[in-house]
Participant: 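Next up is a structure, given as structure tokens.
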Number of protein chains: 2
Amino acid sequence: MKNIISNINKAFDHRIRLGIMSVLMVNDHADFKTLKELLGATDGNIASHTKALEKQKYIKVEKSFIDRKPNTRYIATGTGRKAFQEHLDALEKLLHNSNDLGKKE
Amino acid sequence: MKNIISNINKAFDHRIRLGIMSVLMVNDHADFKTLKELLGATDGNIASHTKALEKQKYIKVEKSFIDRKPNTRYIATGTGRKAFQEHLDALEKLLHNSNDLGKKE
DNA sequence: TTAAAGTACTTTGAAATACAAAGTAAAATA
DNA sequence: TATTTTACTTTGTATTTCAAAGTACTTTAA
């Protein structure tokens with residue numbers, strides 16, 4: 001490993017994306033409105049952050065109509081789950097392991 | 001609590017700032033070059049991220065000369081340590097607690 | 001002793017990202 | 001039928017991130 005943050009995934013740097021992934025790890029899906037409320041974010045915010053995660057193939061979108069109204073539902077992909085888990089492991093290491101300069105690796 | 005990420009500190013969203021704080025939590029100080037090497041970042045990068053943390057009073061800077069060369073040393077402040085610990089607690093909660101939509105809070 | 005190379009940063013300005021306001025389109029309500 | 005609400009999407013600005021270039025020395029080497 002070259003540096004102590006090399007396994008921290010840039011895609012999860014932002015708290016809203018962290019929140020979205022964290023919700024989608026425990027629930028097999030969540031819709032636009034739910035994410036918006038859970039995260040206290042604006043519409044445009046949810047739209048752009050989900051789009052970013054989608055672009056990375058970390059989540060996928062399913063559009064349908066529920067009660068005649070459009071519904072956008074987000075689901076974590078296998079790739080996304082794996083990437084997020086690896087990110088969490090990296091975080092764990094960064095935070096609990098020694099970045100102690102006294103120790104040589 | 002209004003939303004599940006309300007206690008996540010925006011100042012620590014970025015992996016480089018996360019890394020800097022994490023290093024400064026276990027070591028009572030670290031200098032510019034050390035941070036740069038540990039984090040695999042460029043000079044300008046370290047300069048701007050430390051400046052951001054400084055602006056928040058989360059770290060402080062001590063400038064001196066070591067072997068006739070300028071040396072910039074960073075130290076986490078009490079405020080910074082507290083804020084970072086709270087951030088970690090919030091992360092812990094977000095990641096391990098239930099954002100399970102099946103459960104009402 | 002001066003020229004070239006290295007060290008330790010800081011500044012800068014372009015590129016990428018984040019944001020909320022405004023826009024769209026259909027549904028519910030009055 | 002008009003008005004409001006719901007569920008998003010688009011847009012333009014504002015902010016942030018980034019590394020290249022700049023500054024101010026110090027060290028080495030001729």
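Residue numbers start from 1 in every chain, and the chains themselves are labelled A, B, ... in the order their sequence lines are given, proteins ahead of strands. All of these numbers come straight from a predicted model, not from anything done at the bench.
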Participant: May I ask you to list the residues of residues 50-69 of chain B, by number, that have any heavy atom positioned under 4.0 Å from an atom of DNA chain D?
Facilitator: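 Heavy-atom contacts with DNA chain D come from B/Asp67, B/Arg68.
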Participant: Within the side chain of B/Asn27, is there an N or O that forms a donor-acceptor pair under 3.5 Å with the backbone of B/Ala30?
Facilitator: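 It does not hold such a pair.
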Participant: Under 4.0 Å from any atom of DNA chain C, heavy atoms only: list the residues of residues 8-15 of chain B that qualify, in numerical order.
Facilitator: none
Participant: Does anything in residues 24-51 of chain B form a ring pair (Phe, Tyr, Trp, His ring centres under 6.0 Å)? List the pairs, not counting sequence neighbours.
Facilitator: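 Counting only pairs at least two positions apart or across chains, the ring pair (Phe, Tyr, Trp, His ring centres under 6.0 Å) contacts touching residues 24-51 of chain B are B/His14-B/His49.
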Participant: Could you work out, with side chain to side chain contact (heavy atoms under 4.5 Å, CB included) as the rule, every residue matching B/Ser48, not counting sequence neighbours?
Facilitator: none
Participant: Can you list the residues that meet the side-chain hydrogen bond (donor to acceptor under 3.5 Å, both in side chains) rule with B/Thr79, with sequence neighbours excluded?
Facilitator: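 Residues passing side-chain hydrogen bond (donor to acceptor under 3.5 Å, both in side chains) with B/Thr79: none at all.
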Participant: Extract all donor-acceptor atom pairs below 3.5 Å that involve side chains of residues 60-71 of chain B and protein atoms in other chains or at least two apart in sequence.
Facilitator:
{"unit_1": "B/Lys63", "atom_1": "NZ", "unit_2": "B/Thr72", "atom_2": "OG1", "d": "3.2"}
{"unit_1": "B/Asn71", "atom_1": "ND2", "unit_2": "B/Asp31", "atom_2": "OD2", "d": "3.4"}

Participant: Could you list the protein-to-nucleotides 20-24 of chain C atom pairs, N/O on both sides, closer than 3.5 Å?
Facilitator:
{"unit_1": "C/dA20", "atom_1": "OP2", "unit_2": "A/Thr42", "atom_2": "OG1", "d": "3.1"}
{"unit_1": "C/dA20", "atom_1": "OP2", "unit_2": "A/Asn45", "atom_2": "ND2", "d": "3.2"}

Participant: Not counting sequence neighbours, which residues clear salt bridge (charged side-chain N to carboxylate O under 4.0 Å, His left out) with B/Asp89? List them please.
Facilitator: none
Participant: Take the protein atom NZ of B/Lys36 and the nucleotide atom P of D/dA20, then report the distance between them rounded to whole Å.
Facilitator: 11 Å
Participant: Let me know the distance between CG of B/Leu35 and P of C/dT10, rounded to the nearest Å.
Facilitator: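 Rounding to the nearest Å, CG of B/Leu35 and P of C/dT10 are 12 Å apart.
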Participant: With B/Glu86, which residues qualify under salt bridge (charged side-chain N to carboxylate O under 4.0 Å, His left out), at least two apart?
Facilitator: B/Lys82
Participant: Measure from CG on A/Asp31 to C1' on D/dT6 and round the result to the nearest Å.
Facilitator: 12 Å
Participant: Filter on salt bridge (Lys or Arg N to Asp or Glu O under 4.0 Å), then keep only pairs touching residues 3-24 of chain A, sequence neighbours left out; what's left?
Facilitator: A/Asp13-B/Arg15, A/Arg15-B/Asp13
Participant: Can you list the residues that meet the side-chain hydrogen bond (donor to acceptor under 3.5 Å, both in side chains) rule with B/Asn45, with sequence neighbours excluded?
Facilitator: B/Thr42
Participant: Mind checking ring pair (Phe, Tyr, Trp, His ring centres under 6.0 Å) for A/Phe12 and listing every partner two or more places apart, or none if nothing turns up?
Facilitator: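 Result, ring pair (Phe, Tyr, Trp, His ring centres under 6.0 Å) vs A/Phe12: A/Tyr58, A/Phe84, A/His87.
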Participant: So which nucleotide from D/dT9, C/dA18, C/dT11 ends up closest to the side chain of A/His49?
Facilitator: C/dA18
